[in-house]
Amino acid sequence: MRFTAPPRLGPGARIALIAPAGPLGGDAELERAAENASSMGWVPIPGAHVRERLDYLAGSDSSRLSDLNGALRDPHIDGVWCVRGGYGALRLLEMVDYDALRRAPKAVIGFSEITVLHAAIGVKAGVISYHGPTARGTLSAFSRRSLERAVTCGGNPAGAAEGAEVLVAGVARGRLAGGNLAVLAALTGTSFFPDLKGSILVLEDVNEPVYRIDRMLRHLRLTGAFGGVAGVIFGAFTERGDDADSLPLARVLLETAEAIGAPCISGAPIGHIDEQWTLPLGAVAELNAADRHLTIEEPVYA
């Protein structure tokens, strides 16, 4: 499948700040999101319903969908920066206006639950989207530099994964795919699950103990989803809350890497951590596992 990269977000780009999943913790988080967008040289445009809350959702499905589709359809909006993850974007997938995004590609940025949007955008629209910080987060210098290279000024937003571990040596080339493990596993069996053949698969998670990480990886293996994967990058698996009887995470990841049989590293700067790469999912990249280095090719922009 061919992917189109949305136009770069230069100074003055108008960026919709939306909450397609979980709710914000208060106005201070929206203010921080707007400050982050402004610090990138962009003009923040908060969604009409971004402050709403309905239990564990950022408002009703119709409200969240209205903000998302409104941003995708509005010719005066240049990009979409999700303010947080949480849960709820999955509820919107059948109603997203992928045709609008295909006609006028624009950057969609976020991670965690936003993985479902990345997967669906890739499958239904063939547009590159960006697994990177949410707008409400605190941007470290490392994360900001990667985000700028991915969506603004060009250049490799990845590079050396210092501190990563080599699980399977070798070199792999393919399109970047994946994101949050639990969210990706929830898409199995749906029309929104990405074709991972020939891909460099990226996986991370938070608040999942090792036994659940093990279960989800085994489930994906049993579905055949990992067949033909060219390379694997495990990011951070944080706040696991493992009990005393837990298997070591390193063992579970190594078992998975060896079963896939593709070049693989673990501990890359991806996930629920302060310093993370922004990865253009759908773009072509090369993983040199022995050197613990990821090079992302410059995509062809719309």
**Report entry** Check: Asp205 side chain, Phe237 main-chain N or O, donor-acceptor pair, under 3.5 Å
**Finding:** no

Report task. Consider only side-chain N and O atoms of Ser39 and Arg144, and report whether a donor and an acceptor are under 3.5 Å apart. Result -> yes

Requested in this report: Please report the C-alpha distance between Leu72 and Leu101 in whole Å, then the side-chain angles of each, then the deciding distance to 0.1 Å, and finally whether the side chain to side chain contact (heavy atoms under 4.5 Å, CB included) criterion is met.
Outcome: CA-CA 6 Å; Leu72 298 180; Leu101 190 59; 3.9 Å; yes

Query - Exam field: side chain Ser143 to backbone Pro133, donor-acceptor pair closer than 3.5 Å - result: no

Report task. Please report the shortest heavy-atom distance between Leu176 and Pro280, naming the atom on each side. Result -> CD1-O, 3.7 Å

Report task. Look at the aromatic rings of Phe111 and His272 and report parallel, tilted or perpendicular, splitting at 30° and 60°. Result -> tilted

Query raised in the report: Leu201 and Leu279: same hydrophobic cluster, using ILVMFWY side-chain contacts below 4.5 Å?
Result: no

Report task. Measure from the side-chain N and O atoms of Glu113 to the backbone N and O of Ala89, and report whether any donor-acceptor pair falls under 3.5 Å. Result -> yes

Report task. Find out if a path of hydrophobic residues (ILVMFWY) with successive side-chain heavy-atom gaps under 4.5 Å connects Leu281 to Leu184. Result -> no

Query raised in the report: Without hydrogens or angle criteria, can the side chains of Ser60 and Ser63 be said to hold a donor-acceptor pair below 3.5 Å?
Result: yes

Report task. Dump the intermediate steps for salt bridge (Lys or Arg N to Asp or Glu O under 4.0 Å) on Arg8 and Glu148, then the final yes or no. Result -> CA-CA 10 Å; Arg8 291 178 178 172; Glu148 288 173 342; over 6 Å; no

Query raised in the report: When you measure from the side chain of Arg84 to the backbone N and O of Leu24, does any donor-acceptor pair fall under 3.5 Å?
Result: no

Query - Shared hydrophobic cluster, Trp277 / Leu287 (ILVMFWY, side-chain heavy atoms < 4.5 Å) - result: yes

**Report entry** For the student: nearest non-hydrogen atoms of Pro44 and Leu17, plus distance
**Finding:** CB-CD1, 3.8 Å

Requested in this report: Output the distance between atom CG (Leu217) and atom CG (Leu203), rounded to the nearest 0.5 Å.
Outcome: 6.5 Å

Query raised in the report: Is any side-chain heavy atom of Phe226 less than 4.5 Å from a side-chain heavy atom of Thr256?
Result: yes

Query raised in the report: Would Leu220 and Phe192 show up in the same hydrophobic cluster when neighbours are defined by side-chain heavy atoms closer than 4.5 Å?
Result: yes

Requested in this report: Over all heavy atoms of both residues, which pair between Val229 and Ala262 is shortest? Give the atoms and the distance, please.
Outcome: O-CB, 3.5 Å

Requested in this report: Kindly indicate whether the side chain of Asn156, heavy atoms from C-beta on, has any atom under 4.5 Å from the side chain of His293.
Outcome: yes

Requested in this report: May I ask you to decide if Pro7's main-chain N or O and Lys106's side chain share a donor-acceptor pair within less than 3.5 Å?
Outcome: no

Query raised in the report: Side-chain donor-acceptor pair under 3.5 Å between Thr278 and His131, yes or no?
Result: no

Query - Distance (rounded to the nearest 0.5 Å) between Leu57 CG and Arg53 CZ - result: 10.0 Å

Report task. Taking all non-hydrogen atoms of both residues into account, name the closest pair between Ile114 and Gly110 and its distance. Result -> CB-C, 3.8 Å

Query raised in the report: How about Leu167 and Leu253: do any of their side-chain heavy atoms sit closer than 4.5 Å?
Result: yes

Query raised in the report: Honestly curious: do Tyr87 and Val108 fall in one hydrophobic cluster under the side-chain, below-4.5 Å linking rule?
Result: yes

Query raised in the report: Can we say Asp99 and Arg102 salt-bridge, meaning some charged N sits less than 4.0 Å from an Asp/Glu carboxylate O?
Result: yes

**Report entry** Gap between atom CZ of Arg51 and atom CD of Glu29 - 0.5 Å precision
**Finding:** 12.5 Å

Query raised in the report: Parallel under 30°, tilted from 30 to 60°, perpendicular over 60°: which one fits the rings of Trp42 and Trp81?
Result: perpendicular

Query raised in the report: Any donor and acceptor pair, going by atom type alone, linking the side chain of Arg240 with main-chain N or O of Val210 inside 3.5 Å?
Result: no

Query raised in the report: Sub-3.5 Å donor-acceptor pair from the side chain of Asn69 to the main-chain atoms of Met95, do we have one?
Result: yes

Query raised in the report: Going by atom types only, do Glu204 and Asn180 share a side-chain donor-acceptor pair under 3.5 Å?
Result: yes

Requested in this report: With rounding to the nearest 0.5 Å, note down the distance linking CZ in Arg14 to CD1 in Ile45.
Outcome: 4.0 Å

**Report entry** Separation of Tyr130 OH from Cys82 SG (nearest 0.5 Å)
**Finding:** 14.0 Å

Query raised in the report: With the threshold set at 4.0 Å, does a side-chain nitrogen-carboxylate oxygen contact exist between Glu258 and Arg221?
Result: no

Report task. Taking the side chain as every heavy atom from C-beta outward, state whether Gln276 and Ile270 have any pair of such atoms under 4.5 Å apart. Result -> no

Query raised in the report: Does any non-hydrogen side-chain atom of Ile15 lie less than 4.5 Å from one of Val80?
Result: no

Query raised in the report: What are the two closest non-hydrogen atoms of Ala289 and Ile265, and how far apart are they?
Result: O-CG2, 3.6 Å

Query - Spatial distance of atom OG (Ser66) from atom CG (Asp61) [nearest 0.5 Å] - result: 12.0 Å

Query raised in the report: Side chains of Arg64 and Asp67: closer than 4.5 Å at any heavy-atom pair?
Result: no

Query raised in the report: Taking side chain as C-beta onward, heavy atoms only, is Leu187 less than 4.5 Å from Leu93?
Result: yes

Query raised in the report: Distance-only, no hydrogens or angles: does the Ser38 side chain make a donor-acceptor pair with backbone N or O of Glu35 under 3.5 Å?
Result: no

Query raised in the report: Any salt bridge between Glu297 and Arg175, counting N to O under 4.0 Å?
Result: no

Report task. Indicate the atoms forming the closest heavy-atom contact of Ala58 with Gly22, along with that distance. Result -> CB-O, 3.4 Å

Query raised in the report: Passes side chain to side chain contact (heavy atoms under 4.5 Å, CB included), Leu147 versus Ile109? Steps please.
Result: CA-CA 9 Å; Leu147 178 61; Ile109 308 165; 4.3 Å; yes

Query raised in the report: Any side-chain heavy-atom pair from Cys264 and Phe234 closer than 4.5 angstrom?
Result: yes

